[in-house]
Amino acid sequence: MVLSVPIRRVGGVSPALSYRPKPGSIPTQPGVYRFRDRNHRVIYVGKAKNLRARLSSYFADIATLHPRTATMVTTATSVEWTVVGTEVEALQLEYSWIKEYDPRFNVKYRDDKSYPWLAVTVSEEFPRVMVGRGAKRKGTRYFGPYSHAWAIRETVDILLRVFPMRSCSNGVFKRSAQIGRPCLLGYIDKCAAPCVGNVSAEQHREIVDDFCEFMAGRTRPFMKRIEAQMYAASEELDFERAARLRDDLGAMKKALEKQAVVLGDGSDADVIALAEDPLEVAVQVFYVRGGRIRGQRGWVADRTDEGDTSALVEDFLLQLYAGVSAEDARDAVPREILVPELPPEVETFERLLSDLRGSRVEIRVPQRGDKRTLQETVQRNAAESLALHKTKRASDLTTRNRALAEIAEALELDEAPLRIECYDVSHIQGTEIVASMVVFEDGLSRKGEYRRFVIRDQEGSDDVAAMHEVITRRFRRLLDEQARSELRPGDGEGSGPMLVDPDTGRPRKFAYAPGLVVVDGGPPQVAAAQRALDELGIDDIPVCGLAKRLEEVWLPGQEDPVILPRTSEGLYLLQRVRDEAHRFAIAHHRNRRSKSMVESVLDGVPGLGEVRRKTLLRHFGSLRKLRAASVEEIAAAPGIGPRTAEAIKQALAGEDAAHAKPSSATMGTMNQDVAADG
C-alpha cells in the first residue's frame with residue numbers, strides 16, 4: 001500500500017531549472033516521482049530507493065546530462081513525489097502512474113503486431129473455446145499468445161476429438177437448442193452437444209477443465225489415464241472403444257509434436273531477449289511451460305532515455321508482469337524468468353513477482369546448457385524482429401518522403417537529397433585500411449551502387465586522412481566520367497553529360513552526383529570531406545557527418561551540431577545509412593585481413609605460389625577453417641597434393657605456437673580489433 005504522505009509539488013512555469021527543489025526538502029526514503037510540463041501534463045515517471053539522491057542527479061550541470069535526459073529536464077517545469085514504505089510498493093506505484101499518465105519520456109513497449117490468443121470463456125455456463133485478439137477480458141482464460149491463428153485452430157481441431165467442448169458461437173448454440181438438433185461438430189463427435197442436453201453443464205465443465213489443464217502443460221496425467229483406459233477396454237474385448245481411445249491418444253501426441261521440447265527438465269520459464277540500437281529496442285518472449293514452447297510474443301519501443309540493457313529489461317519486466325491480475329498470476333508468472341541482463345533492482349522484482357504468484361520466482365541470466373541455447377534462439381528472433389520493423393518502416397513511401405523532407409529542412413538544403421552517399425573507414429592499428437561507400441536512393445539502399453576502397457596513400461591509423469583520400473578518389477572519378485561522357489545534343493534543357501554508356505547501356509559507375517554526402521564521424525571527418533570537395537572545385541554537393549555516440553549531425557565549419565528529434569524519420573534514415581556503411585566497411589576489412597593472414601602464414605611453404613594460395617582460401621573460406629582441417633582435407637583441395645598439404649599443416653602449427661602466448665602489444669592489437677569490428 002502507498003503511504004498517505006502528501007505529494008510535494010515544486011515550481012510552476014518558470015524557465016530553465018528554477019523549479020529545482022531544495023535538497024533538504026527531498027526525503028531520503030524510497031518513492032516515486034513525476035515530472036510535469038508547463039501544461040501540468042506528466043512527462044516522466046520514475047522510482048528510487050533514495051528520492052533525494054535520484055532527483056538531485058537530474059539537476060546536475062545540463063552539459064553533463066545525456067541529451068535525452070536534458071531534454072526531459074528542460075521540458076519539465078515542476079517535479080513532485082510520493083513516499084512509499086518499500087521498494088516493492090514503489091515498483092507498483094510506478095507502474096500504476098505510467099499506465100495512468102502515459103508519459104512521453106518513458107519507454108513504452110508496444111506489440112509489433114496483433115497476436116492471437118486461445119481463449120476459453122470459463123465464466124459462461126457452457127464455456128466456449130475460440131481464437132481471439134486484442135485485450136484480455138475478465139472471466140476468460142487465455143493461452144498463448146501464438147504467432148499464427150491457423151496454428152491454434154489446427155491444434156484445437158485435433159484436441160476437440162479428445163476434449164469435445166463447445167466451440168460454436170452464441171447464435172449457433174441458441175439455434176441448435178431451439179431446433180433440438182446439434183450442429184455438424186456434434187454429429188462428428190467433436191462436440192459433446194450440451195446445446196441439446198447430451199451432457200449436463202457439470203459434465204461439460206469437467207471436459208473444459210481437462211482441456212485447460214492439458215493446454216496449461218499438465219499433459220502427462222491425461223496421457224497416462226487414456227492409455228490405461230485403452231488397455232482396460234482391450235482386455236474387456238471392447239475393441240471399438242479401445243480403438244477410439246487409441247486415436248485420442250494419437251491426437252494428443254500429434255498436438256504435442258507441434259510444441260517443441262526445449263527444456264529437458266520440463267520447467268516453466270519466460271525467456272526474454274532484446275535487440276537494440278540507439279533509437280529503438282525490440283523484445284521477444286518465449287513462453288515455456290512444461291519444457292515446451294507454448295507461446296511467443298514481440299514488442300518494439302522507441303528509446304527515450306539513456307538507460308542501458310539492464311534498465312530496458314527493468315522497464316519491460318514492469319510492463320509485462322505488473323498489470324497481471326491475481327486470478328491470472330499463477331499461469332502468467334512462471335517460476336523462472338530468463339533475461340539477457342539482470343535489472344538493477346532484481347531482488348525487488350523477485351519479491352513483487354513472488355507475492356503476485358504466491359510462490360518463489362527467480363530472475364536470472366542463463367550461462368550454459370539448454371536454457372542458454374534457448375535464449376540465444378530468442379535473441380536471434382528479437383534481432384530479426386527489429387530488422388523487419390526497420391524494413392517495414394523504411395519501405396513506406398510516405399515515411400521515406402517525410403524523412404528526406406526533414407533532412408532537407410534540418411540541413412537547409414535546396415531540395416530533398418534523393419541520392420545519399422555515405423562513407424566509412426575501417427582498419428586495425430593502421431593496417432589493411434579500407435573504406436566503404438553505400439548509396440541510398442529515395443530512402444532505399446541501392447546495393448548495386450556500393451563501392452569499396454583500399455587506402456594506399458598513407459601509413460598509420462589516420463581516419464581523417466583516409467576519409468580525405470576516399471572522397472578525393474570518388475569525386476575525381478565523378479569529374480573524369482563527366483568529362484569523358486558525350487554531351488546530349490542541343491544546348492537547352494536536355495543537354496548535359498550522359499550517365500549511361502551508349503555502347504553497353506549500363507550506367508557509368510561514378511557518373512551520378514549525390515544530393516548529400518554523409519560521413520561516419522564528427523567535425524574532423526566532415527572537415528576532411530569538405531576540404532577534398534573544395535580542392536576538386538565541387539561546391540554544389542552538401543556534406544554532413546553523423547557521430548555515433550549522441551547521434552549528432554555535424555556540418556562543415558559549424559561549432560554546434562544539428563540535433564534532430566529522437567523520433568525524427570530523417571534521423572532514422574541517416575542512422576540506417578551510416579550503419580550500412582559501417583557494416584559494409586567491416587565486411588570488406590575482414591575479408592582482406594583473412595586473405596592477408598593466409599598469405600603471410602603460407603609465404604614460406606615450398607611450391608605454394610600466389611595462385612594456389614588463392615585457390616586454398618576459396619576452398620576453405622577462412623584461415624580458421626584451414627587451421628581446423630586435417631592433412632587429408634587440405635590435400636583434397638584443388639592443386640594441393642599430400643606433400644604440400646603436410647607442409648601447409650606444419651606452417652600453420654608453427655604459426656599457432658608462435659601466438660600461443662600473446663604479448664601485451666599483441667593483446668592491445670586484439671582489443672583494437674574487437675573495437676574496430678564492433
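The first residue in the sequence is number 1, and the count goes up from there.
Pairs engaging residues 340-388 under the ring-ring contact (aromatic ring centres under 6.0 Å, His included) rule: none recorded [sequence neighbours left out].
The salt bridge (charged side-chain N to carboxylate O under 4.0 Å, His left out) check on E206 picks up nothing, with sequence neighbours excluded. Under the salt bridge (charged side-chain N to carboxylate O under 4.0 Å, His left out) criterion, R368 pairs with no residue, sequence neighbours left out. Residues forming a salt bridge (charged side-chain N to carboxylate O under 4.0 Å, His left out) with E350 (at least two apart in sequence, or on another chain): R360. Here E580 pairs with R583 under the salt bridge (charged side-chain N to carboxylate O under 4.0 Å, His left out) rule; sequence neighbours left out. Applying the side-chain contact (heavy atoms from CB on, under 4.5 Å) test to S167 and every residue at least two apart in sequence or in another chain returns V129, L160, L185.
Atom CZ of R364 has more than 12 neighbouring heavy atoms from other residues, nucleotides or ligands inside a 6.0 Å radius. No more than 12 heavy atoms of other residues, nucleotides or ligands sit less than 6.0 Å from atom CZ of R335.
Electrostatic pairing of E314 and K47 counts as a salt bridge here, judged by a charged N lying under 4.0 Å from a carboxylate O.
Relative to the six-membered ring of W97, R34 meets both conditions, a distance below 6.0 Å and an angle of at most 45° to the axis.
When each of E345, R351, E347 is tested with V88 by the rule side chain to side chain contact (heavy atoms under 4.5 Å, CB included), just one qualifies, namely R351.
Counting heavy atoms from C-beta outward, K190 and P164 have side chains that stay 4.5 Å or more apart. Looking only at side-chain heavy atoms (C-beta outward), Q284 and W299 stay at 4.5 Å or farther from each other.
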